[in-house]
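Before any comments, here is the structure.
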Amino acid sequence: MTKAVNIGILAYPGVMNSALHGLAEIFEVTNRIRAEYPNSSWPKLAWSYWAVEPDLAPSSLQVHPVLTSNKSLDVVVIPPRIEEEEFCQIEPVCSKWLREQHDQGAVLASACAGALLLAQAGVLKGRRATTHWGLADELKDNFPEIIMCEEELLIDDGDIITAGGMMAWTDLALRLVERFAGPFLAMKLSKYFLIDTGQRDQRYYQSFVPKYGHGDREVLTIQQWLQSNYAKSVSVKKIAEDNNLTERTLQRRFTKATGLAPSAYITQLRLQRSRELLETSTSTIDEIVWNIGYEDQSSFRKLFKTQVGLTPSEYRKRFLIRE
């Protein structure tokens, strides 16, 4: 008889409850489809819930305490969080348990903010990983040894799998089914749940959110001016002169405060505005390119494709808001 794959789902403070239940439902349906092929050698998926503080987990779940169990799992899944809870209260115990499971051969898999727990456990050092694009800077700042690839929706790095956005737990679940139960069941499952298994990219969904809380007043003033004047043809040198700074000082302080050089920052403002216009306006792409400050249509299209992962036309077709 084929050995079952033991999957532990971590229930932690602020976790997304729909993901907790949804993961179990996907694994349950996988087993149901598997049963339709009695002569197959596909393993059964067995799942259980785990928590540092079981009393704080949803009452509808039967939860195992990580503190008092020595059970080795084949996979540990860390779902996304929906509430802004601090991880520090569970971090030491949780990190130790995750490291122990990993050392015993478990595959660690996270979705969205779950990557923060993997980072705190120290298992992402020198590894490629993804998370929700809005959390990427936090991870980069606090864990610079991680190779962040936030543009990717899912990264399967063998013993560690990370998925990006909040709903990417469905992609993660499918990957686990594919890895441990086979591609045939994963394909059947995707059709059952109508989950898109095609290649996707988090860049499609990103928005540029400038950093304003850095405390550098002069840089903030420049940011505020750029927000209204990004389409103008103004050099970094001229911006520096207008603010009584040397160009070198502006480059250094602006980059330190915002995480981007001034020219890259302007590019991101323009790209963000182009996305908004592609989503909401009836302007032609050429008109949009001109309105955001570009004169070379070809160069902009190449830039957009590189940064967003789609051509402007593809982006509009996918995201145009139709009333």
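What you see below is based on every heavy atom in this structure, not just the backbone, and it leaves out hydrogens, waters and symmetry mates.
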I need the [X] [atom1] to [Y] [atom2] distance, nearest 0.5 Å.
X	Y	atom1	atom2	answer
Leu220	Lys211	CG	NZ	14.5 Å
Ile33	Lys191	CD1	NZ	11.0 Å
Ser72	Gln104	OG	CD	3.5 Å
Leu135	Met166	CG	CE	8.0 Å
Ile155	Thr131	CD1	OG1	10.5 Å
His214	Thr258	NE2	OG1	7.0 Å

Trp133 reachable from Ile147 in the ILVMFWY side-chain graph, under 4.5 Å edges: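 Per the 4.5 Å side-chain linkage, Ile147 and Trp133 are not co-clustered.
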[Y]/[X] salt bridge by N-O under 4.0 Å criterion:
X	Y	answer
Arg301	Asp296	no
Lys238	Asp242	yes
Arg318	Glu314	no
Asp156	Arg179	yes
Arg32	Glu28	yes

Residue from Lys302, Glu151, Gln268 passing side-chain hydrogen bond (donor to acceptor under 3.5 Å, both in side chains) with Gln307: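 Looking at Lys302, Glu151, Gln268, the match for Gln307 under the side-chain hydrogen bond (donor to acceptor under 3.5 Å, both in side chains) is Gln268.
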CA sep, side-chain torsions, deciding dist, call: Ile7, Leu73, side-chain contact (heavy atoms from CB on, under 4.5 Å): CA-CA 6 Å; Ile7 303 172; Leu73 298 165; over 6 Å; no
If you look only at distance, which donor and acceptor atoms sit under 3.5 Å apart when one is on a side chain in residues 288-295 and the other is two or more places apart or in another chain?
from	atom 1	to	atom 2	distance (Å)
Asn291	ND2	Glu287	O	3.2

Derivation and outcome, side-chain contact (heavy atoms from CB on, under 4.5 Å), residues Ser263 and Thr267: CA-CA 6 Å; Ser263 57; Thr267 295; 5.6 Å; no
Test log, rule side-chain contact (heavy atoms from CB on, under 4.5 Å), inputs Leu271 and Phe300: CA-CA 9 Å; Leu271 282 170; Phe300 172 78; 4.1 Å; yes
Can you tell if the side chain of [X] reaches within under 4.5 Å of the side chain of [Y], non-hydrogen atoms only?
X	Y	answer
Asn243	Ile222	yes
Lys188	Arg34	no
Val76	Val107	no
Leu245	Arg253	yes
Leu108	Asp159	no
Leu117	Tyr12	yes
Lys71	Asn6	yes
Trp169	Cys112	no

Within a radius of less than 6.0 Å around [atom1] of [X], do more than 12 heavy atoms belonging to other residues, nucleotides or ligands occur?
X	atom1	value
Lys125	NZ	no
Lys305	NZ	yes
Lys237	NZ	no

Please confirm whether the backbone N or O of [Y] pairs with a side-chain atom of [X], one donor and one acceptor, at under 3.5 Å?
X	Y	answer
Ser190	Met187	yes
Arg81	Gly14	no
Asp216	Val219	yes

What are the two closest non-hydrogen atoms of [X] and [Y], and how far apart are they?
X	Y	result
Ala129	Ile146	CB-CG2, 4.0 Å
Asp74	Ala4	OD2-O, 3.8 Å
Leu320	Thr280	CD1-N, 4.4 Å
Pro262	Gln251	CD-OE1, 3.0 Å
Ser313	Ile285	OG-CD1, 3.3 Å
Leu20	Pro79	CD2-CG, 3.9 Å

Stepwise side-chain contact (heavy atoms from CB on, under 4.5 Å) test for Glu276 and Gln272: CA-CA 6 Å; Glu276 294 167 357; Gln272 178 61 29; 3.3 Å; yes
Evaluation steps, salt bridge (charged side-chain N to carboxylate O under 4.0 Å, His left out), between Arg128 and Glu152: CA-CA 10 Å; Arg128 296 175 68 248; Glu152 297 190 38; 2.5 Å; yes
CA sep, side-chain torsions, deciding dist, call: Tyr230, Tyr265, ring-ring contact (aromatic ring centres under 6.0 Å, His included): CA-CA 9 Å; Tyr230 60 82; Tyr265 187 92; over 10 Å; no
For Phe27, ring pair (Phe, Tyr, Trp, His ring centres under 6.0 Å) partners two or more places apart: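 Applying ring pair (Phe, Tyr, Trp, His ring centres under 6.0 Å) to Phe27 gives none.
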Trp97: ring pair (Phe, Tyr, Trp, His ring centres under 6.0 Å) partners, not counting sequence neighbours: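 Trp97: ring pair (Phe, Tyr, Trp, His ring centres under 6.0 Å) contacts with Trp50.
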Validation row, ring centre Tyr37 to ring centre Phe184 under 6.0 Å: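 Yes.
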